[in-house]
Amino acid sequence: MTQEPIIPIDRVSDLASIETLAKAARDCVDTCYDRMETQKNQCKFGKSGICCRICHMGPCKITKRSPKGVCGADADTIVARNYLREVVGGSAAHSDHGRHLVLRLKKVAQGNGGGYEIKDEKALRRAAKDYKVESAGKSKEEIALDLANLFLDEFMRQEDPLVTLSLAPLKQQSCWRKNNIEPFGVDRMIVESMHRTTMGVDHHYENLLLQSFRTALSDGWGGSRIAMIVSDILFGTPYPVKSDANLGVLGENTVNILVHGHEPELSEMLAVVARDPELIAYAKDAGAEGITLAGICCTANEILMRHGIPIAGSFLQQELAIITGAVEIMIIDVQCCMPSLPEVAAAYHTEIISTTDMAKTSGATHLAFDSDDAISSAKDLIKRAVDNYKNRDPSKVAIPKAQSPVIGGFSVDAIKYILGGTFRASFRPLNDAIIAGRIKGVVGIVGCNNPKAKTDAYMNILTKELIRQNVLVLKTGCAAVASAKEGMMLPETALSDAGEGLREVCEAVGMPPVLHMGSCVDNSRILEAAAEIVKEGGLGDDISQLPAVGVAPEWMSEKAVAIGTYFVASGIDVILGQPFSIEGSENVKTFLNEKTRELFGASFHDCEDPYQATAKILEILDEARKNLGINKKQERKLYDMKDRRELNV
Ligand code: NFS
Ligand code: SF4
């Protein structure tokens, strides 16, 4: 230990994490919570966005005594430039993930899919229709090839806006056109933004910020949306499925394999192969009772949504999972995999295996996953885990009991089906419930955990407050895992925790009041849902008119910056649990927190505690309801006599 021991109950919320963090201290293993302590005095220049290291006349920092960098850049330029670079990082991560899937779809269409196939022909035909790809009289492979080529063009398009933008409501599209932020190809946006932020190019903070919205749109209505569509075609559109979440899903006597990261190609194959009777027999021969495959981070969300594979934990549980002493291998690919993993694993028998040549970690074993021969690659990994089972040291094992059941799998298709059944699948019942005031609005709670705050605390309090106030909550990423662990993603939660109106709706259709919509690229499902609600009618003609808000309570990643930015550009107000690194420029702050309201009908808001956030959200929802003229009816639903008298209805 490098400093005073940390107190688990001050740092984490769920029992499994509390127990395991205490075990980390006993085992003398450092985690991110310890390292947060040693990093406590973080750089205030970096935090407020006024540190520039874009050229080597610097690094420069802005202070009262030195208000300009060597080149003359002021705080506005430096803060806006740094912000755009964060959006670039996040958009690149989501979009590259999307690109890998498109390339796989193309190979599948050409007949060399390496064990992958078009699993969901309905999703393929739906996408073909959305993108106006001719499908009459064509085989599914022919359609898939045309679609894959169109998607590849979305990355490369040089002089025209993305075709995917056409999936947004018409008024949204004209707003983007009017503000000159329709993105061209994803790759072009990333390159142009890097160019514009290099020394001596774009210096006007407004111009830089508009480019941030444009680049983020190429993620939300580009790379991420494409990633989601292609995942559904290749692996199936998610439908409600039951599973469990938290470290307690690890088996005492099974071979435990954790898959951690983001791209579903590898985890999908592992999910299929882990059920292979031959491999299960192999595990039994090694003295285990079977194989437990579980996920960490967004890859967990992907395989929960489609296979009901349990979630072992969220981002900040990746080290804790190893500290249980019961994990044979942790297989990592890209994004959110801490470089500390091999060091933590060295205290146990766990082997960390990196699987893609674009992401290597010192101390990890590198075994590049061969997607062209995916089945045997996946089998080899599982065998390797079984072979490591004999090295597990029972004296170091302590698997916490805590876990909760969860229902995942709420794609837009699934929500429509639940609301209306096979013949009337639609958002109509939801729109009607919003108009009638049984549901006050819809809030997406998304994003990461961050050891700066007590893990999951903000998210769980906010979620409970919102459903109590009749707000339907949609979740993705690590925010979804927080609710899953808390047992909030179950239909029964509606009975115990939801307000009366929301409870009525959820009870009628058997739906949880908190819906698991998937991983972070699946934030594009939230946009899809918003567009469908607009299309269904009665709630305005663009997304900014909907009573809808996005929240990133404990965000840490550049990806969350990109997500927040495309939400606001799409007309959805965004609440941040900790501010962006823009505090060093009043102009940038005013632009993002106020001016964007004139441009897109939505802006950012900082709310450092969940109660303040609840109040702000209700204010935004009420304002939207008032503008739509549906506020009166909703208030009539409150049975408080005082309210009734005041309302005069
Ligand atoms: Ni999203 Fe998924 Fe979690 Fe944050 Fe990381 S796993 S892509 S970035 S930490 S929510
Ligand atoms: Fe300093 Fe300007 Fe170079 Fe940035 S670009 S490091 S502000 S001289």
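Whatever order the structure lists ligands and atoms in, that order sets their numbers, starting from 1. Along the sequence shown, the residues carry numbers beginning at 1.
A distance limit of 4.0 angstrom between heavy atoms and ligand 1 selects the residues His262, Cys297, Cys298, Phe315, Cys336, Gly447, Cys448, Cys478, Cys520, Met556, Ser557, Lys559.
Remark: Arg104 engages Glu265 in a salt bridge, criterion side-chain N to carboxylate O under 4.0 Å. The pair Glu192-Arg214 meets the salt-bridge criterion, with a side-chain N (NZ, NE, NH1 or NH2) lying under 4.0 Å from an Asp/Glu carboxylate O.
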Phe580 and Trp555: CA distance, side-chain angles, deciding distance, side chain to side chain contact (heavy atoms under 4.5 Å, CB included) verdict: CA-CA 10 Å; Phe580 285 143; Trp555 70 276; 3.5 Å; yes
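Each of Gln403, Gln317, Lys485 was compared with Asn246 under the side chain to side chain donor-acceptor pair (under 3.5 Å) criterion, and only Gln317 meets it.
The side-chain heavy atoms of Ile323 and Val344, taken from C-beta on, include a pair separated by under 4.5 Å. Proximity of Leu466 to Ile617: side-chain heavy atoms (C-beta onward) are separated by under 4.5 Å at one or more points.
Proximity of Arg81 to ligand 2 is established by a heavy-atom distance of less than 4.0 Å.
The CD1 atom of Ile461 sits 11.0 Å away from the CG atom of Asp456 when rounded to the nearest 0.5 Å.
Partners of Arg99 under the salt bridge (charged side-chain N to carboxylate O under 4.0 Å, His left out) rule, at least two apart in sequence or in another chain, are Asp96, Asp187.
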Going by atom type alone, with no hydrogens or angles, which donor-acceptor pairs under 3.5 Å involve a side-chain atom of residues 235-242 and a protein atom two or more places apart or on another chain?
from   : atom 1 : to     : atom 2 : distance (Å)
Thr237 : OG1    : Asp120 : OD2    : 2.7
Tyr239 : OH     : Asp413 : OD2    : 3.3

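One N or O on the side chain of Thr197 and one on the backbone of Met194 form a donor-acceptor pair closer than 3.5 Å.
Within the sub-2.8 Å shell of atom 3 (Fe) of ligand 2, the protein contributes these N/O/S atoms: Cys55 SG.
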